[in-house]
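Single-structure report; data block below.
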Protein chains: 2
Amino acid sequence: MDRQSVVTSLSALAHGGRLDIFRLLVKAGPDGLPAGEIARSLQVMPNALSANLKVLSHAGLIGSRRDGRSIIYAADYSAMSNVLGFLMEDCCGGDAAICAPLVDIAARSACCAADAPNMPA
Amino acid sequence: MDRQSVVTSLSALAHGGRLDIFRLLVKAGPDGLPAGEIARSLQVMPNALSANLKVLSHAGLIGSRRDGRSIIYAADYSAMSNVLGFLMEDCCGGDAAICAPLVDIAARSACCAADAPNMPA
DNA sequence: TCCATATTTCAAAGGTAGTTGAACAATGCG
DNA sequence: CGCATTGTTCAACTACCTTTGAAATATGGA
């Protein structure tokens with residue numbers, strides 16, 4: 001994963017509304033949620049939601065598939081872990097002796113990374 | 001950790017130059033690096049570096065202390081883990097059965113979180 | 001075909017953030 | 001004290017991002 005992709009992902013998440021969307025999808029799991037339900041849950045207008053979903057999708061953080069009239073979005077866990085990995089690469093120069101607290105948070109982050117409903121392209 | 005703090009942190013990292021700085025400090029470990037050395041390593045002008053260090057510092061991602069004429073910056077690992085934790089909170093609705101790949105990356109992220117040279121304030 | 005639902009696209013307005021060069025502090029040494 | 005070194009601040013300019021409302025596209029059912 002190159003630096004530019006990571007910057008794009010972080011930029012996508014560096015926005016209150018999009019962070020809410022992403023976290024909702026992270027909680028929702030691999031099955032995802034239809035756009036309309038996201039809009040209702042977060043109380044945002046559909047056009048604003050669509051714009052933000054597009055940004056997250058372009059960053060690769062979420063995927064989408066159509067189901068009838070609805071479009072279902074789901075978090076891409078592997079993309080997320082790539083970003084986290086890039087951030088923490090070669091942490092402490094490889095010497096992870098004094099490290100501990102991050103293991104905890106890391107363990108809690110361990111999550112559904114199997115086949116999410118990824119986009120057609 | 002509230003949502004706004006996380007957005008501030010992600011915004012700080014959503015910039016090529018600042019991402020380079022942060023990753024360099026993550027690699028450097030708790031002892032950190034003087035600003036001048038960062039500038040030399042990344043080949044950036046001192047005023048631009050100073051501006052970016054200020055953004056990262058204001059976001060709480062790095063700390064600083066003066067040592068003679070130099071100012072030494074170091075990554076704040078606990079701030080980083082707070083951000084990661086917020087992103088992955090209640091992942092998959094608490095059911096982490098199907099999850100695995102993120103554990104790997106998480107383990108690699110485990111790192112120096114002990115007393116970094118935090119700022120005076 | 002006609003309509004309702006679900007979601008996206010477009011364009012204009014406003015605000016926010018990045019870049020650059022020059023000037024300004026703070027420290028240490030002779 | 002005077003000067004070189006190390007970092008920081010300021011101000012102007014540019015560019016990008018966000019927001020909002022209205023119009024457009026796509027699907028499913030009568």
Side-chain angles (χ1 to χ4, degrees), chain A residues 3-22 24-25 28 31-59 61-74 117 119-121, chain B residues 3-22 24-25 28 31-59 61-74 117 119-121:
Chain A
R3 190 185 74 151
Q4 188 50 54
S5 303
V6 173
V7 169
T8 302
S9 294
L10 292 171
S11 298
L13 293 172
H15 178 282
R18 289 195 293 266
L19 188 55
D20 287 342
I21 295 169
F22 184 75
L24 184 64
L25 290 176
D31 289 343
L33 294 172
E37 192 167 332
I38 299 173
R40 274 188 296 279
S41 292
L42 302 178
Q43 308 214 51
V44 294
M45 308 204 329
N47 56 351
L49 176 69
S50 182
N52 286 328
L53 285 170
K54 190 179 181 182
V55 174
L56 287 168
S57 181
H58 180 256
L61 290 168
I62 65 177
S64 65
R65 61 181 157 87
R66 178 177 281 278
D67 178 30
R69 272 179 288 200
S70 297
I71 296 183
I72 299 187
Y73 288 90
M119 41 208 149
Chain B
R3 190 185 73 151
Q4 188 50 53
S5 303
V6 174
V7 169
T8 302
S9 294
L10 292 170
S11 297
L13 292 172
H15 179 281
R18 288 195 293 266
L19 189 55
D20 288 341
I21 295 169
F22 184 74
L24 184 63
L25 290 177
D31 290 342
L33 293 173
E37 193 167 330
I38 299 174
R40 273 188 295 280
S41 292
L42 301 178
Q43 308 215 51
V44 293
M45 310 206 327
N47 55 352
L49 176 68
S50 183
N52 286 329
L53 286 170
K54 190 179 181 180
V55 174
L56 287 168
S57 182
H58 180 256
L61 290 168
I62 64 177
S64 65
R65 63 182 156 85
R66 179 176 279 279
D67 178 29
R69 272 178 287 199
S70 297
I71 297 183
I72 299 187
Y73 289 89
M119 41 209 150

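Residue numbers start from 1 in every chain, and the chains themselves are labelled A, B, ... in the order their sequence lines are given, proteins ahead of strands. Everything quoted here is computed from the prediction, not taken from an experiment.
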Could you check A/L49, A/L13, A/L61 and say which one makes a side-chain contact (heavy atoms from CB on, under 4.5 Å) with A/I21? A/L49
Between P on C/dA26 and CD1 on B/I72, what's the gap in Å once rounded to a whole number? 19 Å
Looking at A/Y73, does any N or O in its side chain come under 4.0 Å of the phosphate oxygens OP1/OP2 on C/dA6? no
Look only at the side chain of B/R18 and the backbone of B/D20, and say whether a donor-acceptor pair between them is shorter than 3.5 Å. no
Provide, to the nearest angstrom, the distance between the CE atom belonging to B/M45 and the C1' atom belonging to D/dT8. 13 Å
Which whole-number value in Å describes the distance from A/N52 CG to D/dT19 C1'? 10 Å
Within the structure, does a side-chain N or O atom of A/H15 lie under 4.0 Å from either OP1 or OP2 of D/dT19? yes
Look at the side-chain N and O atoms of B/S70 and state whether any lies under 4.0 Å from the OP1 or OP2 oxygen of C/dT27. no
I need the NE2-P distance between B/H58 and D/dT8, as an integer number of Å. 16 Å
At their closest point, which heavy atom of B/A74 faces which heavy atom of B/D31, and how far apart are they? CB-C, 4.5 Å
Map B/S11 and A/L53 onto DNA chain C by nearest heavy atom, then report which one ends up closer to the 5' terminus. A/L53
Please check this pair: side chain of A/S50 against backbone of A/P46, looking for a donor-acceptor N/O pair closer than 3.5 Å. no
Considering every strand and a 4.0 Å limit on heavy-atom distances, what is the contact class for B/R18: base, sugar-phosphate, or nothing? sugar-phosphate
Length of the CG-C1' vector between B/N47 and D/dC10, whole Å: 11 Å
Would you please confirm or rule out a distance under 4.0 Å between OP1 or OP2 of C/dA25 and any side-chain N or O of B/R69? no
How many Å lie between CG on B/D20 and C1' on C/dG18, as a whole number? 15 Å
Nearest whole Å is fine: how far is D/dG7 P from B/R65 CZ? 13 Å
Without swapping roles, check the side chain of A/R66 against the backbone of A/G68 for a donor-acceptor pair under 3.5 Å. yes
Looking at the side chain of A/R66, which of D/dA26, D/dT8, D/dT18 is the nearest nucleotide? D/dA26
I need the CD1-P distance between A/I21 and D/dT18, as an integer number of Å. 12 Å
